[in-house]
Structure formats: structure tokens, C-alpha cells
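Structure first, commentary second.
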Amino acid sequence: MSGVHNFNPGPAVLPAEVLGEVREEMFDFKGTGISILETSHRSKEYQEVNDRARSLLLELLGLGDEYEAMFLQGGASLQFVQVPMNLLGPGETADYVVTGAWSAKALKEAKLRGKVNVAADTKTDRGYTRIPRPEELKLTPGAAYVHVTSNNTISGTQWHELPDTQGVPLVVDASSDCLWKPHDYSNLGLLYAGAQKNLGPAGATAVVIRKDLLDKCGGDVPIILRYKTQAEKGGLYNTPSCFAVYVIMKVLEWVKARGGAEAMERRNREKAELVYGVIDKFPRVYSSPVERESRSCMNVVWHLPSPEKEAAFLEGAARRGMIGLKGHRSVGGCRASLYNSLPVESARALAEYMEEFAAS
Ligand SMILES: *Cc1c(COP(=O)(O)O)cnc(C)c1O
């Protein structure tokens, strides 16, 4: 549409159809004569938006009414704090699997709150390049929870299957791959996702919690930071990020209309195969630091042989309207974020350009 292919890591691309609807409703939301931006969060109109977004999220994740969904503020980073504050009781241990910069940050916050066990840490002198195999996990029997980052946005690795925690509540930071495919959530205790990567715009964080865990949240936890406080009000204890939740609702409707998580998986695999295909075809030009089985379908990372080549590559990409391809400042290289909303045509355009560049 705009001729731009948006590979930004987050905030990231949104479906053009969603942006079109937002524009259409901007001056008159559902016949109210005002925009959703100007609407009270206590109004019937906003309540409907909030309830629809919450129920769609559970439905698309395949979760039943033993779970509660809500949209909170403070980003995924506040969840690094809120999770142990609420779920890690005195005398309990939480297991953390460290597979990237974000899980390392989550671990750091948890250590300030209680007893933690590092169930695995895949960092080497080459950084984080893989997801641990199931037999590598040193899980604590009877742990309060097991925390994993399902997709490592910076290093480009992803859990293709979530670990079996044998009934211990699994806590998933799904910020960069929520709804990228259907998962077996039978051990799920809590899932959180900053919306700005795979769910919508910045400003809201999706939190899904198994209802029985709500009773753990009390004690000396500040009232505003208790999951129970927000869950009892459907996320409307205080003013939420209304506009962000409204756009999330539209993105979730878009996902549902296209066939849900199953359809997203087909689409995401198609995109990822296009890009990884070129990386594998030209090993002297593109090198992936990531172990093959751990490759992320959301964030594809690669290096070029020299900083000069890399600059030339990014320059040529920009001339073709491809933006957001520079790797995270902590790891360098290139990164293409292929979130649910990214059209297949964008991945195809990138793959074609990579072919061309490699052959030149
Ligand atoms: C971006 C990201 C975060 C941090 O999100 P904020 O909303 O900026 O706090 C946490 N975890 C993962 C996996 C991320 O990709």
C-alpha cells in the first residue's frame, strides 16, 4: 500500500485493514459522534471493547474460563516484577530458563523478590544461540512456577514447543510471539505479552492468568500490583490504555477472521522459510548465529561478512522501502521481524532482495 516493508522489531507493523478501520472510526466511534480516544473507560462502548478483546485473546489462545485475561500497563518489563511479587511466596522457589536478554532481565528482578533457581542458561561466549533441550532443564520439584521467554526477540531463537513442567505452573513471556501458532498450554499458569510486537500498538500488556493463582496474590504486594485487584475488575481497576486495547481488539479480530493461530502458523512459516532459505543458500554471504532447531519464525537474525557489506546491504534495502532490518544494538548484524501482521509479500520482497544482493 505505502510501498514500505516494515520489519521493525517493536513497535511493529500492524495490519493495513486494522489501520483502515481505525481511521474510519476516528471521528465517530459506533455512532457516539466522538472517537474512542475521547470515550470514558466506564462507558458501555469501552466496556464492550475491553470485554471483546479479553474474550478473543482467550479464545484464540484456546484457553477456557479457568483463565482470566486483562490488559495492563507498565510493559512486559513490569511483568518481570509483578510475576514474582504475586506468585513467588516465602519459602518457595521459582525456576527461570534463561535464553536471552529479556529472560536475563526477568531473572534479575525475580532475584530481588525471592528464591530462584536457574533451570538452564544457554549463554556462551557467542551469546544466546539456542533453546535448551528438555533433558537439560534442572527443574525444582514443587516450584512456584517455571518462567520461559517463548521467543527471544534479540537473539532470534524460539521455543517451538513449550516445556513440559509436569503440572508446575508455566509462566511465559510471549511478548514477541503471542498467537504465532497454537501451543499446548496444559501447564500454563500465566502468560504475558507487551502488545507492541505481535498484538498491537505500544501501551498495553496482555496478561492471562489461571484463576486459581489469583488467590496467591496478596500479603504485602501493593494493591495496584496484585493480579487479583485487576482481574476482579477485568483490567479496569484504574484507567487502562484504552486506545491500545481498542487496536488490540481489532488485531485479534483480524487474526480470528484469517483462521486464528493455525492460519498464523502457516503464514509465519511461509515467511520464515523464504528468508532462512536465502540465508542457507548463500552461506558465504549470510551467516546465522542461531542453532537450526532453535531458529525463530518471528525474528530472523543474520550477519554479513564485514561492516561495509552490512552497511551496503541495509542501504540497498532502504532504497527498496525495507525498513527496520538493523540488528539489536547489543548483538549487531541484521534482523527481520516477521510478526503475524507482516504480509507474506514483504518477506518475499526481502528474500528476493537478499538473493540479488548475494549474487551481485
Ligand atoms: C520487548 C520485550 C520485552 C520488554 O517489553 P516492554 O513492553 O518494553 O517492557 C520483554 N520481553 C520480550 C520477549 C520482549 O521482546
Side-chain angles (χ1 to χ4, degrees), residues 6-14 57 61 70-85 96-110 112 120-123 127-132 145-160 162-163 170-181 183 188 190-208 225 230 235 240-241 243-245 247-248 251 268 290 294-301 324 326-331 335-342:
N6 183 356
F7 298 99
N8 277 332
V13 61
L14 291 168
L57 181 61
L61 286 167
M70 51 203 162
F71 297 96
L72 306 182
Q73 299 188 64
S77 299
L78 185 60
Q79 294 308 306
F80 297 167
V81 182
Q82 248 181 303
V83 164
M85 257 188 161
Y96 276 73
V97 185
V98 184
T99 52
W102 294 116
S103 27
K105 280 193 171 170
L107 170 71
K108 232 180 184 171
E109 292 286 8
L112 295 173
D121 184 338
T122 57
K123 189 172 189 177
Y128 297 99
T129 57
R130 66 186 189 90
I131 297 299
Y145 60 86
V146 180
H147 181 282
V148 302
T149 310
S150 53
N151 182 68
N152 298 282
T153 325
I154 297 171
S155 43
T157 62
Q158 188 172 31
W159 294 78
H160 287 256
L162 295 173
L170 178 67
V171 174
V172 185
D173 175 358
S175 292
S176 50
D177 72 348
C178 187
L179 294 175
W180 84 281
K181 70 160 228 169
H183 265 301
L188 188 72
L190 187 146
L191 176 148
Y192 62 91
Q196 69 273 22
K197 283 145 190 164
N198 213 23
L199 289 179
T205 305
V207 173
V208 168
L225 295 179
Q230 286 287 9
S241 200
F243 189 67
V245 175
V247 180
I248 291 168
V251 172
N268 290 327
V290 169
S294 301
R295 284 177 167 183
S296 169
C297 288
M298 295 280 99
N299 308 98
V300 182
V301 299
K326 204 169 165 48
H328 190 269
R329 59 192 180 281
S330 64
V331 294
R335 167 175 57 174
S337 298
L338 312 176
Y339 301 127
N340 283 355
S341 303
L342 184 87

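Small disclaimer: the values here were computed from a predicted structure and weren't measured. Only heavy atoms go into these numbers, but all of them, side chains included; no hydrogens, no water, no symmetry mates. Whatever order the structure lists them in is the order used to number ligands and atoms, beginning at 1.
Looking at Phe80 against ligand 1, only its side chain comes within 4.0 Å, counting heavy atoms. Heavy atoms of Asn151 found under 4.0 angstrom from ligand 1 belong exclusively to the backbone. Residue Lys105 does not touch ligand 1, judged by heavy-atom distances below 4.0 Å.
Under the 3.5 Å distance criterion, the side-chain polar atoms of Gln79 are left unmatched by any main-chain donor or acceptor of Asp173. With hydrogens and angles disregarded, a donor-acceptor distance shorter than 3.5 Å links the side chain of Ser296 to the backbone of Met298. In this structure a side-chain-to-backbone donor-acceptor pair under 3.5 Å is present from Thr122 to Arg130. A donor-acceptor pair under 3.5 Å is absent between the side-chain atoms of Thr157 and the main chain of Asn152, judged by distance alone. Here the side chain of Ser176 pairs a donor or acceptor atom with the backbone of Asn151 at under 3.5 angstrom.
Summary of contacts: the protein heavy atom closest to atom 15 (O) of ligand 1 is Thr153 OG1, 2.5 Å. In terms of protein heavy-atom proximity, atom 11 (N) of ligand 1 is nearest to Asp173 OD2, 2.7 Å. In terms of protein heavy atoms, atom 9 (O) of ligand 1 is closest to Ser77 OG, 2.6 Å. The shortest contact between atom 8 (O) of ligand 1 and any protein heavy atom is with Gln196 NE2, 3.5 Å.
Here side-chain hydrogen bond (donor to acceptor under 3.5 Å, both in side chains) pairs that include residues 192-208, with residues two or more places apart or in two chains, are His147-Tyr192.
Between Gly74 and ligand 1, no N or O atom pair is found at a separation short of 3.5 Å. Distances between N or O atoms of Thr149 and those of ligand 1 include no value under 3.5 Å.
A 6.0 Å sphere centred on NZ of Lys326 holds no more than 12 heavy atoms belonging to other residues, nucleotides or ligands.
Listed by number with element, the atoms of ligand 1 under 4.0 Å from a non-hydrogen atom of Gly75 are 7 (O), 9 (O). Taking every non-hydrogen atom of Ala76 and a distance limit under 4.0 Å, the qualifying atoms of ligand 1 come out as 3 (C), 4 (C), 5 (O), 6 (P), 7 (O), 9 (O), 10 (C). For ligand 1 and Lys197, the ligand atoms under 4.0 Å from any heavy atom of the residue are 1 (C), 2 (C), 3 (C), 14 (C), 15 (O).
Looking at residues two or more places apart in sequence or on another chain, you find a ring-ring contact (aromatic ring centres under 6.0 Å, His included) between His160 and Trp180.
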